[in-house]
Asker: 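The structure is given below, and queries will be raised subsequently.
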Amino acid sequence: MADFVKVAILAEIQENQGKLVSVNGTEVALYKVGACIYALRNICPHKGGPLGEGEIQGSVVTCPWHGWEFDLADAGKCTMNEIIEAKMYPVKQEGDAVLIEI
């Protein structure tokens, strides 16, 4: 079982934009939506686009390359085809520290 790793401080994660972090060689985009923090692999399953550079509206992230959309609040499912999912990671907070499990 993987351990949770501290990747950021809560104040570093802004609403409406991704914050890129690297954990053991894996790029992860962190998003703040309301009181929730989400962690999404920074690779679009369509053509490998950088999801962390995409726009976010509500809980939906749009890949900047081809416009595929993924809903963070729905386990990273693609809004156009729910069979396709972007890889998400479990997140927890300890005080102001944000940790993810890879």
Asker: How far does CD of E82 sit from CG of D74, to the nearest 0.5 angstrom?
Answerer: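 Reported to 0.5 Å precision, the distance equals 6.0 Å.
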Asker: Any side chain to side chain donor-acceptor pair (under 3.5 Å) involving residues 15-43? Give me the pairs, sequence neighbours left out, ordered by first then second residue.
Answerer: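 Only E27-N42 qualify under side chain to side chain donor-acceptor pair (under 3.5 Å).
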Asker: Who passes side-chain contact (heavy atoms from CB on, under 4.5 Å) against A75, sequence neighbours left out?
Answerer: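 Applying side-chain contact (heavy atoms from CB on, under 4.5 Å) to A75 gives none.
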Asker: Looking at every heavy atom in both L51 and A86, which two are closest together, and how far apart are they?
Answerer: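 Heavy atoms of L51 and A86 come nearest at CD1-CB, 4.0 Å.
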Asker: Where does the angle between the aromatic ring planes of H46 and H66 fall among parallel (under 30°), tilted (30 to 60°) and perpendicular (over 60°)?
Answerer: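 Geometry flag for H66 against H46: perpendicular rings.
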Asker: Checking S59 now: which residues fulfil side chain to side chain donor-acceptor pair (under 3.5 Å) with it, not counting sequence neighbours?
Answerer: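 Scan of S59 (side chain to side chain donor-acceptor pair (under 3.5 Å), adjacent residues dropped) gives D71.
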Asker: Inspect the surroundings of CD in E55 and state if more than 12 heavy atoms from other residues, nucleotides or ligands are less than 6.0 Å away.
Answerer: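 Open: at most 12 neighbouring heavy atoms sit under 6.0 Å from CD of E55.
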Asker: Would you compute the distance between atom CG of L30 and atom CG of L72 and round it to the nearest 0.5 angstrom?
Answerer: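 Answer rounded to 0.5 Å: 10.5 Å.
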Asker: Would you say M80 ends up clustered with I56 if hydrophobic residues are merged whenever their side chains have heavy atoms under 4.5 Å apart, either directly or through other cluster members?
Answerer: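 Yes, I56 and M80 fall within the same hydrophobic cluster.
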Asker: Are I84 and V61 grouped together when hydrophobic residues (ILVMFWY) are joined by side-chain heavy atoms under 4.5 angstrom apart?
Answerer: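 I84 clusters together with V61.
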Asker: Going hydrophobic residue to hydrophobic residue with side-chain gaps under 4.5 angstrom, can you get from L20 over to M88?
Answerer: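 L20 and M88: separate clusters.
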Asker: Is there a side-chain contact between P45 and F70 (heavy atoms, below 4.5 Å)?
Answerer: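 The answer is yes; the side chains approach within 4.5 Å.
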Asker: Check the hydrophobic clustering (I, L, V, M, F, W, Y; side-chain heavy atoms under 4.5 Å; chains of links allowed) and say if I37 and I100 are grouped together.
Answerer: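 Same cluster: I37 reaches I100 through Ile, Leu, Val, Met, Phe, Trp or Tyr contacts under 4.5 Å.
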Asker: If you compare all heavy atoms of A29 against all heavy atoms of G52, which two are closest, and at what distance to 0.1 Å?
Answerer: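 Nearest pair, atom of A29 first, then G52: CB-CA, 3.7 Å.
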Asker: Considering all heavy atoms of both residues, which atom of F4 and which atom of P90 are nearest to each other, and what is their separation?
Answerer: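 The answer is CE2-O, 3.7 Å.
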Asker: Taking the side chain as every heavy atom from C-beta outward, state whether V28 and V7 have any pair of such atoms under 4.5 Å apart.
Answerer: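 No. Closest side-chain heavy atoms not under 4.5 Å.
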Asker: Let me check something: do V91 and V21 share a hydrophobic cluster, defined by ILVMFWY side-chain heavy atoms less than 4.5 Å apart, either directly or through other members?
Answerer: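 Yes.
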Asker: What's the separation between atom CD in E85 and atom CG in L40, rounded to the nearest 0.5 Å?
Answerer: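 Between E85 CD and L40 CG, I get 11.0 Å after rounding to 0.5 Å.
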Asker: First locate atom OH of Y89, then atom CD of E101, and finally report the distance between them rounded to the nearest 0.5 Å.
Answerer: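 Y89 atom OH to E101 atom CD measures 11.0 Å (nearest 0.5 Å).
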